[in-house]
Amino acid sequence: MRVREWDPRAAADGEIQSLVETVNAVLAEDLPDDPPWREAQVREYLAETMPGERRISWVAEDDRLAEGESRIFAHVNLLLLGNIGVLEVLVHPRLRRRGLGRELVAVAVRRAYLEGFSSIGVEAIGNTPAIAFYESMGFEKEYVETRSVLHLSKVDWDTLGKMANGISEGYRVEYHPGGPPDDVIEAYAQAKLEADDNDPETQPRSSDPQRLKDSLVTLHRRGLKPYIVLAVHEASGAVAGLTEVVVPAQHPERADQYDTIVARDHRGYGIDRAIKARMLFELRAAEPGLLEVQTWNAQHNESMLKVNAELGFQSDRDWFEYSTDVADLVQKLAPAE
């Protein structure tokens, strides 16, 4: 097995296909109810980043064949952003427990150390071997979210229609496929800025107008189509609430919920239910191949968990955020002399 740094932009089509096959083997083993990936825009998904961020990747491949002709059996990418590096590690189930994953982590963490990063984080999915794998290297649990999944075939659309119309007077609901228009960006970013850090459903938010624009461009380049529903306070023009869903080209059967936020001054008016219900109607019309929507919530966010349950989301499994000190991990993974 050969480990080498890998640039998805320059990779042969066969390498991309091979990586997708490994992704799907991992999904079949660890998340058997998740839809398999397609090859659509995988290269862009792995390569594109926000301005100021970098992603470095390595692969492990069959060393009996030439580069570009071999099969990829494992992959790690290191996203460098702010003052932290974020790891994603993927190893074909047939090759687990042979030290390959640990070798890939060692390669990536050495790079993070050389790049001057002091902390490194990773996401681990509950009830998978990833938990024991990262804890064995000293990663410490920082945060827990619960993933919930909504099956559109089981939605009570009559009840959902009542929820969509349940917003108080003085607010209007707007739908923006592809992202908010330029004349809404400032108010949209302000709503994100004012939100309680514990309130959003998932994903780091972009609360600066320019960064918000950059994030939307990056989403499109990565093959992630955003859909936005807003609640606008008619008297002030403020964005009182927003919800974001992204449909990935790589698995368009299942969409990802991003932020759902209701600004503090506008809570208690039925905004969260109304905008999320409206979103589901819009998705049903815009994405006829969509079967499911998945979302992540902090376990203490009882209000959003309640809204999601009313919409029909069902809890699936926990997802854990881990982190560790880069220098300590480099030392721990250094080859024995």
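Since this is a predicted model, take the numbers as computed values, not measurements. Only this structure's heavy atoms are used, side chains among them; waters, hydrogens and symmetry mates stay out.
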### Message
Counting only heavy atoms not in Tyr322 (residues, nucleotides, ligands), do more than 12 fall under 6.0 Å from its OH?
### Response
yes
### Message
As an exercise, state the distance from CD of Glu135 to OG1 of Thr324, rounded to the nearest 0.5 Å.
### Response
11.5 Å
### Query
Do the non-hydrogen side-chain atoms of Leu19 and Leu90 ever get within less than 4.5 Å of each other?
yes
### Query
Please walk me through it: do Asp214 and Gln210 pass side-chain contact (heavy atoms from CB on, under 4.5 Å)?
CA-CA 6 Å; Asp214 292 340; Gln210 185 55 53; 3.1 Å; yes
### Query
Who pairs with His151 by side chain to side chain donor-acceptor pair (under 3.5 Å), at least two apart in sequence or on another chain?
Glu292
### Query
Can you find a pair of side-chain heavy atoms, one from Ile56 and one from Asn77, that are under 4.5 Å apart?
no
### Query
Going by an N to O cut-off under 4.0 Å, is there a salt bridge joining Arg43 and Asp13?
yes
### Query
Got a salt bridge between Lys225 and Glu244, using NZ or NE/NH1/NH2 to carboxylate O under 4.0 Å?
no
### Query
So, Lys141 and Glu321, do they make that salt bridge, N to O below 4.0 Å?
no
### Query
Can you tell me how far the CG atom of Leu290 sits from the CZ atom of Arg284, to the nearest 0.5 Å?
12.0 Å
### Query
Hey, quick one: are Val89 and Leu27 part of the same hydrophobic cluster, counting side-chain heavy atoms closer than 4.5 Å, chains of contacts allowed?
no
### Query
OH of Tyr175: more than 12 outside heavy atoms within 6.0 angstrom?
yes
## Note on the structure
Apart from Leu79 itself, its cluster of hydrophobic side chains linked below 4.5 Å comprises Leu81, Ile84, Val86
### Task
Could you tell me whether Arg71 and Glu15 have a side-chain N and a carboxylate O separated by less than 4.0 Å?
no
## Note on the structure
Residues at least two apart in sequence or cross-chain that pass side chain to side chain donor-acceptor pair (under 3.5 Å) with Asp34, listed by chain then number, are Arg147, Arg254
### Query
Just wondering, are more than 12 heavy atoms of other shown residues or ligands nearer than 6.0 Å to CD in Gln331?
no
### Task
Assess the pair Tyr45 and Trp37: is the distance between their ring centroids shorter than 6.0 Å?
yes
### Query
Just by modelled atom types, is the Glu44 backbone N or O under 3.5 Å from a matching donor or acceptor in the Arg221 side chain?
no
### Message
Assess whether a salt bridge exists between Arg211 and Glu53, defined as any Lys/Arg side-chain N lying under 4.0 Å from an Asp/Glu carboxylate O.
### Response
yes
### Query
Given Tyr227, which of Glu287, His176, Glu282 fulfils the side chain to side chain donor-acceptor pair (under 3.5 Å) condition?
Glu287
### Task
For residues 112-124, pull every pair meeting salt bridge (Lys or Arg N to Asp or Glu O under 4.0 Å), keeping only residues two or more places apart or in separate chains.
Arg54-Glu115
### Query
Can you tell me if CD on Glu88 sees more than 12 non-hydrogen neighbours from other groups inside 6.0 Å?
no
### Non-neighbouring partners of His251 that pass side chain to side chain donor-acceptor pair (under 3.5 Å), sequence neighbours left out
none
### Query
side chain to side chain donor-acceptor pair (under 3.5 Å): which pairs involve residues 91-104, sequence neighbours left out?
Asp30-Arg96
### Query
Looking at side-chain heavy atoms only, is the closest gap between Ser118 and Val326 below 4.5 Å?
no
### Message
What's the separation between atom NZ in Lys213 and atom CG in Asp208, rounded to the nearest 0.5 Å?
### Response
10.0 Å
### Task
Please round to the nearest 0.5 Å and tell me the distance separating atom CG of Asp318 and atom CD1 of Ile131.
9.0 Å
### Message
If you apply the rule side-chain contact (heavy atoms from CB on, under 4.5 Å), what do you find for Asp259 with Lys192, and how did you get there?
### Response
CA-CA 9 Å; Asp259 278 348; Lys192 290 199 168 199; 3.2 Å; yes
### Task
Check step by step if side-chain contact (heavy atoms from CB on, under 4.5 Å) holds for Val247 and Leu224.
CA-CA 6 Å; Val247 178; Leu224 309 174; over 6 Å; no
### Message
With a 4.5 Å cut-off on side-chain heavy atoms, are Val3 and Val59 touching?
### Response
no
### Query
Are Arg4 and Glu61 close enough for a salt bridge, meaning some N to O gap below 4.0 Å?
yes
### Task
Flag the pair Arg222 and Glu48 as a salt bridge only when some basic side-chain nitrogen lies within less than 4.0 angstrom of an acidic carboxylate oxygen.
no
### Ring centers of Trp319, Tyr143 separated by less than 6.0 Å
no
### Task
Find out whether Ile261 and Asp272 are in side-chain contact, i.e. whether some heavy atom of one side chain is under 4.5 Å from a heavy atom of the other.
no
### Query
In terms of the angle between their ring planes, are Tyr171 and His233 parallel, tilted or perpendicular, with boundaries placed at 30° and 60°?
tilted
#### Entry: Ionic contact status for Glu302 with Lys306, cut-off 4.0 Å
no
### Query
Is NZ or CZ of Lys276 both nearer than 6.0 Å to the six-membered ring centre of Phe313 and within 45° of the ring axis?
yes
### Message
Could you check whether any side-chain heavy atom of Val239 comes within less than 4.5 Å of a side-chain heavy atom of Gln190, counting everything from C-beta outward?
### Response
no
### Task
Output yes when a side-chain donor or acceptor of Arg172 lies under 3.5 Å from a complementary backbone atom of Ala231, and no otherwise.
no
